[in-house]
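In what follows, residues are counted from 1 in the order of the sequence shown. Side-chain atoms are counted along with the backbone in the values below, which use heavy atoms only and exclude waters and symmetry mates.
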Amino acid sequence: MTMGKVVDVGRGIGFAWDAAWGTGTARSDIEQFMDEQKKQLDKDKSGYYKGAMLGQAFSYFLFGKALHSKDHHESGGAVEGKKEKSEGNSLNHDGRLRTEGSKTTYTNSFGNEISWTNQGPKDIDAIIEKNLRSSKPGDILEGRVAETIRETGRLEGTGIELKLQNKLKAGDIDILTESHIIEVKKSLSALDEKQLDKLINPSNRNYFNYDNREVIYYIEDVTVKNKTQSDLVGKLKDQNIKLISSLEELKEVVSK
């Protein structure tokens with residue numbers, strides 16, 4: 001193979017790659033290249049060679065488009081992690097999170113579907129007010145924490161109930177922000193290790209932390225009263241999970 005042909009092949013591969021992944025100027029380059037070759041066909045007597053090169057370039061371009069089409073199909077039509085919307089539905093980059101109306105469903109690695117109802121600002125405000133008026137200390141605390149996070153402008157939901165395909169409860173999210181899931185507890189005695197595992201362990205069949213948001217435990221009373229609680233606190237530290245008991249500190253962490 002001559003040096004000229006090696007360069008042509010290299011250029012063709014570049015076209016194919018670029019056209020497939022859309023990372024540069026392949027489409028404009030190939031169009032310009034083909035126009036140049038067409039003009040040369042009219043001026044140059046070596047029409048056979050130029051015609052072959054034109055066909056080769058066009059083949060590279062089609063190959064690139066085929067690669068793009070294949071990747072587009074296998075990824076569920078999503079590109080570069082952005083959501084695609086079609087007829088009121090949306091799909092995330094890995095195809096496992098879909099939104100239909102006000103309902104969002106996540107399919108974890110075990111094929112289990114976990115769904116929840118999306119909340120708007122009015123829904124969030126109503127839940128906060130309801131919790132603050134509750135007679136239950138746990139609800140009041142959750143309302144206070146949500147109210148504090150709302151001030152940061154990053155509150156996305158509170159009191160979110162998660163359900164499995166069979167409508168059974170999969171868990172809940174006390175406070176949801178752009179980048180955090182916050183569990184709210186009155187004391188360490190209320191800390192649920194099973195709920196924690198669903199948040200941090202992808203091997204859990206009911207794992208639902210689909211985009212791996214940072215988990216924070218807001219616990220009003222962090223007094224350790226027994227070995228079980230001591231072990232749980234140690235587990236939180238081992239998993240680099242923040243344990244916070246101050247609303248001001250929580251607000252500062254979430255605002256970063």
Side-chain angles (χ1 to χ4, degrees), residues 81-85 88-93 96-108 113-165 167-187 190-192 194-196 198-200 206-221 236 241-256:
K82 294 182 179 178
K83 292 182 180 179
E84 279 200 356
K85 294 186 178 180
N89 300 338
S90 64
L91 193 70
N92 81 328
H93 68 286
R96 294 186 295 170
L97 186 74
R98 67 180 186 274
T99 299
E100 299 171 304
S102 62
K103 178 183 176 182
T104 295
T105 301
Y106 166 64
T107 305
N108 64 23
E113 291 188 350
I114 298 170
S115 62
W116 59 91
T117 301
N118 301 320
Q119 297 177 353
K122 290 183 179 179
D123 301 313
I124 293 172
D125 291 345
I127 294 171
I128 291 175
E129 291 305 313
K130 179 182 177 182
N131 282 339
L132 291 175
R133 292 195 303 267
S134 174
S135 59
K136 298 178 180 179
D139 290 346
I140 296 172
L141 178 61
E142 189 172 313
R144 287 174 50 212
V145 174
E147 189 175 41
T148 299
I149 300 303
R150 183 173 57 183
E151 295 173 2
T152 69
R154 301 188 181 184
L155 181 61
E156 292 189 347
T158 179
I160 302 171
E161 186 173 299
L162 308 170
K163 294 183 179 180
L164 296 168
Q165 304 100 303
K167 306 303 180 182
L168 291 177
K169 187 175 180 179
D172 54 56
I173 298 176
D174 294 338
I175 308 289
L176 183 70
T177 77
E178 295 174 348
S179 52
H180 298 88
I181 292 177
I182 304 171
E183 287 288 292
V184 180
K185 307 296 178 186
K186 285 288 291 181
S187 66
L191 202 157
D192 185 349
K194 291 183 179 179
Q195 171 80 352
L196 170 62
K198 295 175 188 178
L199 289 168
I200 65 174
N206 291 331
Y207 177 76
F208 58 79
N209 190 359
Y210 65 88
D211 53 0
N212 198 31
R213 299 191 192 198
E214 182 180 357
V215 178
I216 296 175
Y217 269 80
Y218 180 86
I219 301 179
E220 189 173 53
D221 181 3
L236 293 178
I241 296 173
K242 291 183 175 68
L243 181 59
I244 298 175
S245 58
S246 161
L247 286 176
E248 285 304 313
E249 182 184 355
L250 180 64
K251 189 174 181 180
E252 183 180 340
V253 169
V254 170
S255 297
K256 289 181 180 178

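Distance CZ/Arg96 to OG1/Thr105: 14.0 Å, rounded to 0.5 Å. Note: Ile175 CD1 to Ile124 CD1 = 9.5 Å, rounded to the nearest 0.5 Å. The CD1 atom of Ile200 sits 11.5 Å away from the CD1 atom of Ile181 when rounded to the nearest 0.5 Å. Interatomic distance, CD of Gln195 versus CD1 of Ile173, reported as 8.0 Å (0.5 Å rounding). Expressed to the nearest 0.5 Å, how far OG1 of Thr148 lies from CG of Leu155 amounts to 10.5 Å. Between the CG atom of Asp125 and the CD atom of Glu147 there is a distance of 10.0 Å, given to the nearest 0.5 Å.
In this structure, Glu113 pairs ionically with Arg98, as a charged nitrogen and a carboxylate oxygen lie closer than 4.0 Å. Using a cut-off of 4.0 Å between Lys/Arg side-chain N and Asp/Glu carboxylate O, Lys185 and Asp192 are scored as not salt-bridged.
Side-chain atoms of Gln119 come within 3.5 Å of backbone N or O of Thr158 as a donor-acceptor pair. No donor-acceptor distance shorter than 3.5 angstrom exists from the side chain of Tyr106 to the backbone of Asn108, with no hydrogens or angles considered. For the pair Glu161 (side chain) and Thr117 (backbone), a donor-acceptor distance under 3.5 Å is absent. Judged by distance alone, the side chain of Asp174 and the main-chain N or O of Val184 form a donor-acceptor pair under 3.5 Å. Under a 3.5 Å cut-off, the side chain of Asp221 and the backbone N or O of Ser187 do not form any donor-acceptor pair. One N or O on the side chain of Asp123 and one on the backbone of Gly120 form a donor-acceptor pair closer than 3.5 Å. Judged by distance alone, the side chain of Arg213 and the main-chain N or O of Thr177 form a donor-acceptor pair under 3.5 Å.
Nearest heavy-atom pair across Asn131 and Glu142 is ND2-OE2, 4.0 Å. Closest of all the heavy-atom pairs between Gly101 and Asn118 is O-ND2, 4.0 Å. Across all their heavy atoms, Ser134 and Ile140 have their closest contact at O-CD1, 3.2 Å. When all heavy atoms are compared, the tightest approach of Lys198 to Ala170 is NZ-O, 2.6 Å.
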Only pairs under 3.5 Å count here: list side-chain donor-acceptor contacts from residues 248-256, not counting sequence neighbours, and write none if there are none.
{"residue": "Lys251", "atom": "NZ", "partner": "Glu151", "partner atom": "OE1", "Å": "2.7"}
{"residue": "Ser255", "atom": "OG", "partner": "Lys251", "partner atom": "O", "Å": "2.7"}

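Looking at Thr104 and Leu97, their side chains come closer than 4.5 Å, going by heavy atoms from C-beta outward. Residues Arg154 and His180 form no side-chain contact, since every pair of their non-hydrogen atoms from C-beta on lies 4.5 Å or further apart. Ile149 places a side-chain heavy atom less than 4.5 Å from the side chain of Thr152. Tyr218 places a side-chain heavy atom less than 4.5 Å from the side chain of Leu141. With contacts defined as side-chain heavy-atom distances shorter than 4.5 Å, the pair Leu199/Phe208 qualifies.
Taking a 6.0 Å sphere around NZ of Lys186, one finds it holds more than 12 heavy atoms contributed by other residues, nucleotides or ligands.
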